[in-house]
A.B. asks: 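One structure, as structure tokens, below. Some questions next.
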Number of protein chains: 2
Amino acid sequence: MARKPPTKPRKNALQERSRATVDALVEATARILVREGFEKTSTNRIAEIAGVSVGSLYQYFPSKEALVAAVIERHNEEIMGIVRTTLTEVMDMPIEKAVRRLVTVAIDAHRINPELHRVLAEQIPRAGKLDVEAFNREVHSLVRAYFESHRKEMRKIDLDVATFICVSTIEAVAHNTVLNQAEMLSDKMVRTLMDETTRMVVGFLR
Amino acid sequence: MARKPPTKPRKNALQERSRATVDALVEATARILVREGFEKTSTNRIAEIAGVSVGSLYQYFPSKEALVAAVIERHNEEIMGIVRTTLTEVMDMPIEKAVRRLVTVAIDAHRINPELHRVLAEQIPRAGKLDVEAFNREVHSLVRAYFESHRKEMRKIDLDVATFICVSTIEAVAHNTVLNQAEMLSDKMVRTLMDETTRMVVGFLR
DNA sequence: CTATAATGCGAGCATTCACTCGCTTTTCCT
DNA sequence: AGGAAAAGCGAGTGAATGCTCGCATTATAG
């Protein structure tokens, strides 16, 4: 196995100016990933688009992977923010309402930046792998917590299995809806898909 | 957008010897993809492992992408073979039986070569994109055909929506079961997963 | 056996790319 | 003001890689 390149910043941005530089670099990386694809994403190009020199880039990011990892982390954090707040909102709702809400949120989350999501999903470099796993684990445990406190509404079923299946299903439907079918889908179609997915999951749980 | 590299063979292998060369090259590509990852997969290395010179490689494959595409096609064909025969076997079975069989087959298919599947799923180059879409379309239409001829066992529901949701679900569960959790799962656990997934899908359809 | 086509070879070319280093400019602190 | 620390610069370096091309070897046909 190959040694993985470092991911931690070489130095922390302290002053205002340097924080802006770091931001510009991450933003540029995301934009190039979307607009030109992973292969075309070179450090020289990133620096160019960010309006920064390669030298400065390497002051804050020890490797190209570190930059991509930063993009992944930012994107994941954005999504996790939504998921976390939604799951607390939903905590007191009955299963039917809660699941419907989760399905909606899953699709919304995938719509934040579908192209970036696609590129990250397709081309996850080794660097981002850990982040994504942590992400999955957190979603899993949040959903499981909800199930635990709503056990009475549910039939007898292993909670881990239920969580695994439900999360996989909702994620897959959202992913495929937004990415595979793109704009082919009318709003009405999307609503039907959400209704039916909700129905399936709810029917499954009780 | 960048122009995509050609994928068609530069010339067809006619004689026995050259067919063996082509095979060795595809096989070597698959092995390197699995053992050393996409990044380490260079044409020079492929030729080396295949016991063939780079020059010969380029007699049959116009680009590196063409080689990867060939691997993808071979893998997809292997899976599609299983899916096709299973769906004809299943054509006369009632929904319950049929779905259970399909879930089993989905997992089996993912187990053919999990590592290769993972690499291909993660690192699909532009070249393989079309193949994968064709693959999805075929699965979709096969499943839809089954649903059509079993409409009486099902509640009223748009067949495309039903197909989309069912295929997404089964694929996602199989994928995550085999790849995310790897060997962490006991056989019993897998059986439970299959039972529950079947239950969910069947419950959804009627 | 000989001519022709098919197959195979691999050093090397051209290019790309991640990353370094010596230096300048800007900001902060007293 | 002035010195130190932080931030920024970008030409240049070395390594990797996709691919070509001229030639060598092997198979087929007449």
Side-chain angles (χ1 to χ4, degrees), chain A residues 2-29 32-33 36-71 123 125-127, chain B residues 2-29 32-33 36-71 123 125-127:
Chain A
R3 215 171 321 159
K4 43 184 140 187
T7 285
K8 290 297 165 199
R10 187 163 279 178
K11 87 167 63 157
N12 282 10
L14 303 175
Q15 304 178 359
E16 191 58 35
R17 186 168 52 134
S18 56
R19 249 171 281 138
T21 299
V22 169
D23 265 16
L25 285 167
V26 176
E27 181 58 32
T29 307
I32 298 174
L33 278 173
E36 316 193 22
F38 185 81
E39 293 163 5
K40 286 274 176 189
T41 305
S42 70
T43 52
N44 290 320
R45 187 111 183 82
I46 292 170
E48 181 190 330
I49 295 290
V52 153
S53 82
V54 225
S56 298
L57 185 158
Y58 279 95
Q59 294 236 333
Y60 303 103
F61 297 93
S63 71
K64 182 188 173 178
E65 277 70 22
L67 269 161
V68 179
V71 172
Q123 304 272 8
R126 302 286 153 266
Chain B
R3 217 171 320 162
K4 40 187 142 186
T7 286
K8 292 295 165 199
R10 187 162 278 179
K11 85 166 70 158
N12 282 10
L14 303 174
Q15 303 178 1
E16 190 60 34
R17 186 168 53 133
S18 57
R19 249 171 281 136
T21 301
V22 169
D23 264 16
L25 284 168
V26 176
E27 181 59 30
T29 306
I32 298 174
L33 278 173
E36 316 192 22
F38 184 80
E39 293 162 7
K40 286 276 177 189
T41 305
S42 69
T43 51
N44 289 322
R45 186 112 184 80
I46 292 170
E48 180 190 332
I49 296 292
V52 154
S53 82
V54 224
S56 298
L57 184 157
Y58 279 95
Q59 295 237 331
Y60 303 103
F61 298 92
S63 71
K64 182 189 174 180
E65 278 70 22
L67 270 160
V68 179
V71 172
Q123 306 271 9
R126 302 286 153 266

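Throughout, protein chains are lettered first and strands after them, A, B, ... in sequence-line order, and every chain is numbered starting at 1.
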A.B. asks: Between A:Ser63 (side chain) and A:Ala66 (backbone), is there a donor-acceptor pair under 3.5 Å?
C.D. replies: yes
A.B. asks: To the nearest angstrom, how far is B:Glu39 atom CD from D:dA15 atom P?
C.D. replies: 20 Å
A.B. asks: Taking CG from A:Asp23 and P from D:dG8, how many angstroms apart are they, rounded to a whole number?
C.D. replies: 12 Å
A.B. asks: Give a yes/no answer on whether the side chain of B:Ser53 brings an N or O atom under 4.0 Å of OP1 or OP2 in C:dG10.
C.D. replies: no
A.B. asks: Are the side chain of B:Lys40 and the backbone N or O of B:Arg45 linked by a donor-acceptor pair below 3.5 Å?
C.D. replies: no
A.B. asks: Counting heavy atoms from C-beta on, name the nucleotide in D:dG18, D:dG8, C:dC9 closest to the side chain of B:Val52.
C.D. replies: C:dC9
A.B. asks: Atom CG of B:Leu25 to atom C1' of C:dC9: distance rounded to whole Å?
C.D. replies: 13 Å
A.B. asks: Answer yes or no: does a side-chain N or O of B:Ser18 lie under 4.0 Å from OP1 or OP2 of C:dT7?
C.D. replies: yes
A.B. asks: I want to check one thing: is the phosphate of C:dT7, taken as OP1 and OP2, less than 4.0 Å away from some side-chain N or O of B:Ser56?
C.D. replies: no
A.B. asks: Below 4.5 Å, heavy atoms only, C-beta onward: do A:Leu57 and A:Leu67 meet side chain to side chain?
C.D. replies: yes
A.B. asks: Could you check how far OH of B:Tyr60 sits from C1' of D:dG18, rounded to whole Å?
C.D. replies: 19 Å
A.B. asks: Can a side chain N or O of A:Tyr58 be found less than 4.0 Å away from OP1 or OP2 on C:dC21?
C.D. replies: no
A.B. asks: 5'-most contact on DNA chain C: A:Thr43 or B:Arg17, nearest heavy atom basis?
C.D. replies: B:Arg17
A.B. asks: Which of these nucleotides, C:dC19, D:dC19, D:dG8, is closest to any side-chain atom of B:Val54?
C.D. replies: D:dC19
A.B. asks: Could you tell me the separation between the CD atom of A:Gln15 and the P atom of C:dT25, rounded to a whole number of Å?
C.D. replies: 17 Å
A.B. asks: Supply the atom-to-atom distance B:Thr29 OG1 to B:Phe61 CZ, rounded to the nearest 0.5 angstrom.
C.D. replies: 7.0 Å
A.B. asks: What is the separation between atom CZ on B:Phe61 and atom P on D:dT20, rounded to the nearest whole Å?
C.D. replies: 15 Å
A.B. asks: Under 4.0 Å from OP1 or OP2 of D:dA7: is there any side-chain N or O of A:Thr21 that close?
C.D. replies: no
A.B. asks: Rounded to the nearest angstrom, tell me the gap between atom CD in B:Glu48 and atom P in D:dT17.
C.D. replies: 12 Å
A.B. asks: Figure out the CD/P separation between A:Gln59 and D:dA5, and round it to whole Å.
C.D. replies: 15 Å
A.B. asks: Drop me the distance from A:Glu16's CD to A:Thr21's OG1, to the nearest 0.5 angstrom.
C.D. replies: 10.0 Å
A.B. asks: Give A:Ser42 one of three labels, base, sugar-phosphate or nothing, depending on what nucleic acid heavy atoms sit under 4.0 Å from its own.
C.D. replies: sugar-phosphate
